Amino acid sequence: MKPTLEKLFREYHEYHRDPVNVALHKVAVPALLFHVVAMLDWVGLGAPLLGQPVTLGVVLIVLAGAWYLAVSPRYARFIVPFAVGCLWLGREVPRSAVIVVAVVAWVLQLIGHARFERRAPAFKDNLLQLLVGPAYVVAL
């Protein structure tokens, strides 16, 4: 793990000390990754590439995957295939199911931070923390 990710992990941990909030994140963060990838996949970006549609979801996976590979190939081995699976699953389930997952996941996050952590999510102060969350959950 690169020092940059170690620093980001320390910052993320400061916002995630309560065990109930951490437990909620173990469920909500993968669900959030699913819904973000699935919903961004709804936005097409033009002609297919190698027979596959190019969407914002695909672009997110490529860019985030590159970031994960740069900061920690170990975590990238888990997160990138999971994100690709989210892309596939998002194409197979009804959009209404993706929306339900999104609402439930965000409610769990809000409960965890408002009720148990009593602190705003880490991404409020640093948007890069949105990428740290999945790696942090993998590290738990």
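Both backbone and side-chain heavy atoms feed into the values below; hydrogens, waters and symmetry mates do not. Residue numbers run from 1 in the order of the sequence given. Everything quoted here is computed from the prediction, not taken from an experiment.
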Euclidean distance, Asp125 CG relative to Glu14 CD, rounded to 0.5 Å
11.5 Å
Working note: Val93 + Phe34, criterion side-chain contact (heavy atoms from CB on, under 4.5 Å); need CA distance, chi angles, decisive distance, verdict.
CA-CA 11 Å; Val93 301; Phe34 165 70; 4.1 Å; yes
Would a 4.5 Å heavy-atom cut-off, applied to side chains only, mark Val54 and Leu45 as touching?
yes
Within the 4.5 Å heavy-atom criterion, are Ile99 and Met39 side-chain neighbours or not?
yes
Do Leu128 and Val137 share a hydrophobic cluster (ILVMFWY, side-chain heavy atoms under 4.5 Å, transitive)?
yes
Would you check if there is a donor-acceptor pair between the side chains of Tyr136 and His25 at a distance under 3.5 Å?
no
Where is the tightest heavy-atom contact between Ala28 and Ala105, given as atom of each residue plus distance?
CB-O, 3.7 Å
If only atom types and distance count, is the side chain of His16 paired as donor or acceptor with the main-chain N or O of Tyr12 below 3.5 Å?
yes
Any heavy-atom pair between the side chains of Val104 and Val100 that's under 4.5 Å?
yes
Evaluate the side-chain contact (heavy atoms from CB on, under 4.5 Å) criterion for residues Val132 and Gln129: first the C-alpha distance (whole Å), next the side-chain angles of each, then the deciding distance (0.1 Å), finally the verdict.
CA-CA 5 Å; Val132 175; Gln129 294 292 345; 3.4 Å; yes
Under the salt bridge (charged side-chain N to carboxylate O under 4.0 Å, His left out) rule, what pairs show up with a residue in residues 39-61, not counting sequence neighbours?
Asp41-Arg91
Rounded to the nearest 0.5 Å, what separation is found between the CG atom of Leu87 and the CG atom of Leu33?
10.5 Å
Please say yes or no: joined through hydrophobic side-chain contacts below 4.5 Å, possibly via intermediate residues, are Val101 and Leu89 part of one cluster?
yes
In Å, rounded to the nearest 0.5 Å, how long is the span from CD of Glu6 to CD of Glu11?
12.5 Å
Within this structure, what is the CD1-CD1 distance for the pair Ile61 and Ile79, rounded to the nearest 0.5 Å?
12.0 Å
Validation row, ring centre Tyr75 to ring centre Phe9 under 6.0 Å
yes
How many angstroms lie between atom SG of Cys86 and atom CG of Leu32, to the nearest 0.5 angstrom?
10.5 Å
Close side-chain approach of Leu69 to Val80, heavy-atom, < 4.5 Å
no
Tell me whether Leu127 shares a hydrophobic cluster with Val29, the cluster being built from Ile, Leu, Val, Met, Phe, Trp, Tyr side chains joined at under 4.5 Å.
no
Val37 side chain near Trp88 side chain, heavy-atom distance below 4.5 Å:
no
Is the closest side-chain heavy-atom distance between Val98 and Trp42 below 4.5 Å?
yes
Would you say that Tyr68 contacts Ser72 through its side chain, given a criterion of any heavy-atom pair below 4.5 Å between the two side chains?
no
Any donor-acceptor N/O pair, His113 side chain to Arg119 backbone, under 3.5 Å
yes
Could you tell me which non-hydrogen atom of Ala38 sits nearest to which non-hydrogen atom of Gly90, and how far apart they are?
CB-CA, 3.8 Å
Answer with yes or no whether the side chains of Tyr15 and Asn21 bring together a donor and an acceptor at under 3.5 Å.
no
Is it possible for you to say whether Val58 and Leu40 belong to one hydrophobic cluster, with membership spreading through side-chain heavy-atom contacts below 4.5 Å?
yes
Any side-chain heavy-atom pair of Leu24 and Gln109 under 4.5 Å:
no
Transitive ILVMFWY side-chain link Val22 to Val138, under 4.5 Å
yes
Rounded to the nearest 0.5 Å, what's the gap from CZ on Arg115 to CG on Asp18? Could you check?
8.5 Å
